[in-house]
Amino acid sequence: MIKVTIDNIEVEVEPGTTILNAARKIGGDIVPPAMCYHSKLKGSGGKCRTCIVKVSQGSAKDPRPMPKPVASCSTPVQDGMVVQNITSPELLEARKGVVEMLLINHPLDCPICDQAGECDLQNLAYEHGVAKTRYEEPRRTFDKIDIGPNIQLHMTRCILCYRCVQTADQITNHRVHGVLGRGDTAEIGTYIKNAIDNDFSGNMIDVCPVGALTDKTFRFKSRVWFVDPMDAHRNCKKCSGKVVLWTHGKNEIYRVTGRKDEFGEIIEFICDECRFEKKDIKDWVIEGPRTIERTSVISQNHYILKAPAHRINLNSVELVSKTLLPEEK
């Protein structure tokens, strides 16, 4: 085990651990944001640069600082390393510049975007963005392309994190899309307009940190804070069958997604049959309400389940939405 200090907190980790994962072991506000890194995807990280940190001491053997901020998702820790994240004003200013760069070509689609309310870029812009852009040039535009019956692509919202490409590469048996072009003309596409229709293609929606890839079956149906997320499972031959049902009322399923951990990463990938075809409440075993952080806008629609966590009985289960009482806040 080696010791590393992050924002004045010392932690012991295994050799080879990245700075980001060492910070995640501590938890809390010192964890750098990450838009392209995903622990389940090999080779992810190092593209968005939002997770940059300041290394003020390289190691106990070589205490010299690193000359510039480094990507915490791809930089392994050294014994005696000292890292600054939220305790470094210069680093926070540099991250603000990264966020401004990501937002240069991002459209102001939040009022109509299905990702609003659970968008990593939205949260990042709120924490590290600026109120007014300095950019005066025309934003990028792309021709609309159809990539299949279940997934909607909005290329103008894409930040080229490569998560969807790596997901298709690593959990499906046939990838038909990728990043085409270079520089400011780079875009996600299928080149010869193939439809993305493999059994696990819907996971591209879950790993996308912005609203570039959205669920066509949920398109413009509701805001996420108006539906109730419920943990559920079913016996599935293709995947684990463990999902989150986004329900409206007692028995209407608006969408199905994979379960995410506290860092917004998918815990287990699910198949398209569970995601797009099983929209009947009777197909699922309801486990109970999904735990949502109080800081999330989704938690504003507070909900409780008035029944034991077993197979749902529509006659005995009542989903109740209520406003938080002052003592609950």
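At least one side-chain heavy atom of V165 sits less than 4.5 Å from a side-chain heavy atom of V179. Contact check for V83 versus T5: no side-chain heavy atoms found under the 4.5 Å cut-off. At a threshold of 4.5 Å between non-hydrogen side-chain atoms, the residues V130 and T133 do not count as touching. A 4.5 Å side-chain heavy-atom check between P107 and R157 finds at least one atom pair inside the cut-off. Counting only heavy atoms from C-beta outward, the side chains of Y135 and E137 approach each other to under 4.5 Å. Two residues are said to be in side-chain contact when any heavy atoms from C-beta on lie closer than 4.5 Å; V4 and V11 meet this criterion. Two residues are said to be in side-chain contact when any heavy atoms from C-beta on lie closer than 4.5 Å; L124 and P33 meet this criterion. T156 has its side chain out of reach of R140: every pair of non-hydrogen atoms, C-beta onward, lies at least 4.5 Å apart.
The closest donor-acceptor contact from the side chain of K242 to the backbone of R234 lies at 3.5 Å or more, if one exists at all. Put simply, the side chain of R290 never gets that close to the backbone of M230: no donor and acceptor are under 3.5 Å apart. At least one donor-acceptor pair under 3.5 Å links the side chain of S201 to the backbone N or O of N198. Counting only distance, with no hydrogens or angles, the side chain of H38 and the backbone of I266 share a donor-acceptor pair below 3.5 Å. Side-chain atoms of R163 come within 3.5 Å of backbone atoms of Y37 as a donor-acceptor pair (strictly under, hydrogens ignored). Side chain of W284 to main chain of K278: a donor-acceptor pair is present (N/O by atom type, distance under 3.5 Å, no hydrogens or angles). Of the possible donor and acceptor atoms, one in the side chain of Q166 sits under 3.5 Å from a partner among the backbone N and O of G43. Listed for the D231 side chain is no donor-acceptor partner under 3.5 Å among the backbone atoms of G288. No side-chain donor-acceptor contact under 3.5 Å links R223 to the backbone of D114. Side-chain atoms of D272 come within 3.5 Å of backbone N or O of G202 as a donor-acceptor pair.
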May I have the step-by-step check of side chain to side chain contact (heavy atoms under 4.5 Å, CB included) for V70 and I52, ending in yes or no? CA-CA 5 Å; V70 298; I52 55 174; over 6 Å; no
Test side chain to side chain donor-acceptor pair (under 3.5 Å) on T257 and D206 and set out the steps. CA-CA 7 Å; T257 64; D206 285 343; 4.9 Å; no
List the steps and the verdict of side chain to side chain contact (heavy atoms under 4.5 Å, CB included) for I281 and D283. CA-CA 5 Å; I281 201 75; D283 294 329; over 6 Å; no
As a quick check of understanding, evaluate side chain to side chain contact (heavy atoms under 4.5 Å, CB included) for Q57 and M81, giving each step before the final call. CA-CA 5 Å; Q57 178 175 305; M81 177 180 280; over 6 Å; no
When you look at T217 and K279, which way does the side chain to side chain donor-acceptor pair (under 3.5 Å) test go after all the steps? CA-CA 10 Å; T217 65; K279 295 294 182 71; 3.2 Å; yes
With side chain to side chain contact (heavy atoms under 4.5 Å, CB included) as the criterion, how do C208 and C164 come out once you've worked through the C-alpha distance, each side chain's angles and the decisive distance to 0.1 Å? CA-CA 7 Å; C208 182; C164 64; 6.0 Å; no
Salt bridge (charged side-chain N to carboxylate O under 4.0 Å, His left out) for R24 and D261? Distances and angles first, verdict last. CA-CA 12 Å; R24 287 182 173 183; D261 61 18; 5.7 Å; no
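Put simply, CD1 on I9 and CD1 on I26 are 5.0 Å apart, with the number rounded to the nearest 0.5 Å. Taking CD of Q78 as the reference point, atom CD1 of I19 lies at 9.0 Å (rounded to 0.5 Å). One distance of note links CG of D120 with CG of L102; it measures 11.5 Å at 0.5 Å rounding. Within the model, atoms NZ of K144 and CG of L153 stand 10.5 Å from one another, a figure rounded to the nearest 0.5 Å. The CG atom of D280 sits 7.0 Å away from the CD1 atom of I253 when rounded to the nearest 0.5 Å. Distance check: T17 OG1 to K25 NZ gives 7.5 Å after rounding to the nearest 0.5 Å.
Closest non-hydrogen pair, C51 versus S72, comes out as O-OG, 2.7 Å. Closest non-hydrogen pair, A232 versus I286, comes out as CB-CD1, 4.0 Å. Heavy-atom minimum distance, V99 versus A125: CG1-CA, 4.1 Å. Closest non-hydrogen pair, A23 versus I30, comes out as CB-O, 4.1 Å. Residues P209 and C119 share a closest heavy-atom pair of O-SG, 3.8 Å.
Using a 4.5 Å cut-off between side-chain heavy atoms of Ile, Leu, Val, Met, Phe, Trp and Tyr, with links allowed through other members, F269 and I205 fall into different hydrophobic clusters.
Ion pairing between a basic and an acidic side chain is recognised when a charged N comes within 4.0 Å of a carboxylate O; E273 and K238 show such pairing. The pair R255-E118 counts as a salt bridge, with a side-chain nitrogen and a carboxylate oxygen less than 4.0 angstrom apart. In summary, K3 and D79 do not engage in a salt bridge, as defined by a charged side-chain N under 4.0 Å from a carboxylate O. Note on K260 versus E265: no salt bridge recorded, every NZ/NE/NH1/NH2 to OD/OE distance being 4.0 Å or above. Taking a cutoff of 4.0 Å between a charged side-chain nitrogen and a carboxylate oxygen, R134 and E100 qualify as a salt bridge.
With no hydrogens or angles considered, a side-chain donor-acceptor pair links N85 and R95 at under 3.5 Å. Under the 3.5 Å distance criterion, with hydrogens and angles disregarded, no donor-acceptor pair is assigned to the side chains of N203 and T167. No donor-acceptor contact under 3.5 angstrom links the side chains of Y254 and D215, judged on distance only. In this model, no donor atom of one side chain and acceptor atom of the other lie less than 3.5 Å apart for D62 and S59.
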